[in-house]
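Some notes on the structure that comes next.
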Amino acid sequence: MLDPKLLRTEPARVAANLARRGFSLDVAAFNALEERRKALQIRTDALRSERNARSKAIGQAKAKGGDVAPLLKEVEALGAEQAAAEADFTAVQGEVERLALGLPNLLHESVPDGADESANVEVRRVGVPRTLDFVPRDHVALGELDGGLDFEAAGRISGARFAVMKGAVARLHRALAQFMLDLHTREHGYTEAYVPYLVSRQALTGTGQLPKFEQDLFALKGENELFLIPTAEVPVTNLVRDAILPAESLPLKFVAHTPCFRSEAGAYGKDTRGMIRQHQFDKVEMVHIVRPEDSYAALELMVGHAEAVLQRLGIPYRVVALAAGDVGFGSAKTYDLEVWLPGQGKYREISSCSNCESFQARRMQARYRSPATGKPELVHTLNGSGVAVGRALVAVLENHQQADGSVRVPDVLKPYMGGVEVIGPKA
RNA sequence: GGAGAGGUGGCCGAGCGGUCGAAGGCGCUGGACUGGAAUUCCAGUAAUACCCAAAAGGUAUUCGUGGGUUCGAAUCCCACCCUCUCCGCCA
């Protein structure tokens, strides 16, 4: 959510910023609504004040043993008027809130212009794709050779956009997640978190997936309304919901390995082959809760942590700064990490690191006590993949493949692979 | 699943129809005391929205959440959520 004060005082600036995303904010309509809300609030407050004063008078008169009948009659007349004002106020307030929850975050000034991903700016390229003296296979072909990737079985069990992994491939998948968690907790100072995979509407509203993107989520049928998490960002960031944190406790750095569930409602026909785009995938997620002045340094730090994963796996990648039109709803600035996939001959997203500034914090009421003012102030929240496990598996398979269709296990994963050094095609 | 207890400010905890945004304590801030500190003493210390150029001040809302009763609700009633204890069941 945006700062309502900023929206009121500098609507033109806000509109101009949001326009960079391609989002058009009707400033006049918003202001008109705000004015109505304000007027109604003043009126409602005045009527309440009147009622409170009279009720108090009744109490005092009673205490003195006076006759309260005339006073009671007076208050009665006030009742209807007050109830009406109250109802109007509640309605308008709800309207304002609905509108406010639908506005995306303001972009940081450093975000490059551009309507879509074609305008993303490459920041750096790390590692060089191997020159192969054979035609590279994609992960689907490699998985078939080994027998460890079974989309056909997944289709029978659940339908399209699911995967079954078996044997060495399944183990490699597990090894990747373990390696990432260990790296982040041992070397990058993260606290490991295990969190619920089912979350409330409130939690999803806090991080910004709701109310706008309900169609991308899987909802459970049942008495309690629950949704499957689309990312660990939701439960992990909500760890600080409604909290007033001591300043010295910041920054908080959490890492969690969870499955993620996305209905990918708008992705028909995209990436239908293989496990690039699935309804269910695993991800190791990093979340930072920081003081506002530290959030952009934290973003760079977090990107570095994600990069470390790829570097140790020996996978070439590039870092791109997302263009205005490609930055997600709640983010002020986002870097994507894209890995080289020889099977596709292009770089594909494997991590997305975002600084949400106070956007989520305001929705969640996540605050810290500022040493400067002594008052509670909103924290800044960041989240980033460190990294997507399924896509990391794809990257390892494709980048470390050999002419015969076998795949060399990266050194850093060997301790997790129980001595397996090569994932081989079944004879 | 059964029985019981409870959810109050940054934290603990009292209050159980009006003068309660809420005693007391802890913590924190300022002051006194001290060579400096500890102890002790004094004072201050919730959030949000709105009015106000700002400060000061004022008004409203907030005692798990949502409804209800009442002129008036932390306090009474109903529903729901959560926590704890015991029993049952389980991983």
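Just so it is clear: chains get the letters A, B, ... in the order the sequence lines come, proteins before strands, and each one is counted from 1. The figures here come from the full heavy-atom set of this structure, side chains too, leaving out hydrogens, waters and symmetry mates.
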Using distance only, find each side-chain donor-acceptor pair of residues 173-185 of chain A under 3.5 Å and give its atom names and separation, not counting sequence neighbours.
{"residue": "A/D182", "atom": "OD2", "partner": "A/Y416", "partner atom": "OH", "Å": "2.6"}
{"residue": "A/H184", "atom": "ND1", "partner": "A/H188", "partner atom": "ND1", "Å": "3.0"}
{"residue": "A/H184", "atom": "NE2", "partner": "A/G386", "partner atom": "O", "Å": "2.7"}
{"residue": "A/T185", "atom": "OG1", "partner": "A/L181", "partner atom": "O", "Å": "2.8"}
{"residue": "A/T185", "atom": "OG1", "partner": "A/D182", "partner atom": "O", "Å": "3.3"}

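The environment of A/E97 atom CD is sparse: at most 12 non-hydrogen atoms of other residues, nucleotides or ligands sit within 6.0 angstrom.
Under 4.0 Å is where a charged nitrogen must lie from a carboxylate oxygen, and between A/R273 and A/D138 at least one such pair does. Ion pairing between A/R201 and A/E214 holds under the 4.0 Å rule for side-chain N and carboxylate O. With respect to A/E248 and A/R369, no salt bridge is recorded, no charged nitrogen being found less than 4.0 Å from a carboxylate O. Remark: A/E34 does not engage A/K38 in a salt bridge, criterion side-chain N to carboxylate O under 4.0 Å. Between A/K333 and A/E357, none of the side-chain N atoms (NZ, or NE/NH1/NH2) sits under 4.0 Å from a carboxylate O, so this pair counts as no salt bridge. A salt bridge is defined here as a Lys NZ or Arg NE, NH1 or NH2 lying under 4.0 Å from an Asp or Glu carboxylate O, and A/R312 with A/E187 meets this definition.
For the C1' atoms, the distance from B/U65 to B/U8 is 15 Å, rounded to whole Å. For the C1' atoms, the distance linking B/C86 with B/G27 amounts to 35 Å, nearest Å. To the nearest whole angstrom, the two C1' atoms, one in B/A3 and one in B/U75, are 26 Å apart. Taking atom P on both nucleotides, B/A60 is separated from B/A5 by 37 Å, rounded to a whole Å.
Side-chain atoms of A/N355 never come within 3.5 Å of backbone atoms of A/T334 as a donor-acceptor pair (strictly under, hydrogens ignored).
Taking only side-chain atoms of A/L72, from C-beta outward, the nucleotide of B/C71, B/G10, B/U48 with the closest atom is B/C71.
Summarising the geometry, the separation between CG on A/L40 and C1' on B/C50 is reported as 12 Å, rounded to the nearest angstrom. One atom, CG of A/L245, and another, P of B/G27, lie 21 Å apart when rounded to the nearest Å. Distance CZ (A/R369) to C1' (B/G27): 11 Å, rounded to an integer number of Å. The nearest whole Å value for the distance from the CD atom in A/E248 to the P atom in B/C28 is 10 Å.
Taking 4.0 angstrom as the limit, A/K375 places a side-chain polar atom (N or O) nearer than this to OP1 or OP2 of B/A47.
Checking A/E233 against A/T207 by side-chain atom types alone, no donor-acceptor pair falls below 3.5 Å. Using modelled atom types and a 3.5 Å distance limit, the side chains of A/H305 and A/Y190 yield a donor-acceptor pair.
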List every contact pair, protein side and nucleotides 75-80 of chain B side both N or O, where the distance is under 3.5 Å.
none

Expected rows: protein N/O vs nucleotides 60-67 of chain B N/O, under 3.5 Å:
{"residue": "B/A60", "atom": "OP1", "partner": "A/N52", "partner atom": "ND2", "Å": "3.2"}
{"residue": "B/A60", "atom": "O2'", "partner": "A/D45", "partner atom": "OD1", "Å": "3.0"}
{"residue": "B/A60", "atom": "O2'", "partner": "A/R48", "partner atom": "NH1", "Å": "2.6"}
{"residue": "B/U61", "atom": "OP1", "partner": "A/R51", "partner atom": "NH2", "Å": "3.4"}
{"residue": "B/U61", "atom": "OP2", "partner": "A/N52", "partner atom": "ND2", "Å": "3.4"}

Any protein N or O atoms within reach of nucleotides 51-58 of chain B? Criterion: under 3.5 Å, listing atom names and distances.
{"residue": "B/C51", "atom": "OP1", "partner": "A/K38", "partner atom": "NZ", "Å": "3.0"}

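Within the 4.5 Å cutoff, no side-chain heavy atoms of A/P230 are placed close to those of A/C260.
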| request: Verify salt bridge (charged side-chain N to carboxylate O under 4.0 Å, His left out) between A/R8 and A/E35, making sure each step is shown before the conclusion. | output: CA-CA 10 Å; A/R8 231 173 290 143; A/E35 282 310 312; over 6 Å; no
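By the side chain to side chain contact (heavy atoms under 4.5 Å, CB included) test, A/D271 is found to be paired with A/I276, A/R277, A/R348, residues two or more places apart in sequence or in another chain being considered.
Pairs of Watson-Crick or G-U wobble type, with distances under 3.5 Å, assemble into runs of 3 or more in RNA chain B at these ranges: B:1-7 with B:81-87, B:10-12 with B:24-26, B:27-32 with B:40-45, B:46-51 with B:57-62, B:64-68 with B:76-80.
Mapping A/P4 and A/I244 onto RNA chain B by nearest heavy atom places A/I244 closer to the 5' end of the strand.
No donor-acceptor contact under 3.5 Å links the side chain of A/K56 to the base of B/G72.
Across all strands, A/R37 comes closer than 4.0 Å only to sugar-phosphate atoms, never to a base (heavy-atom distances).
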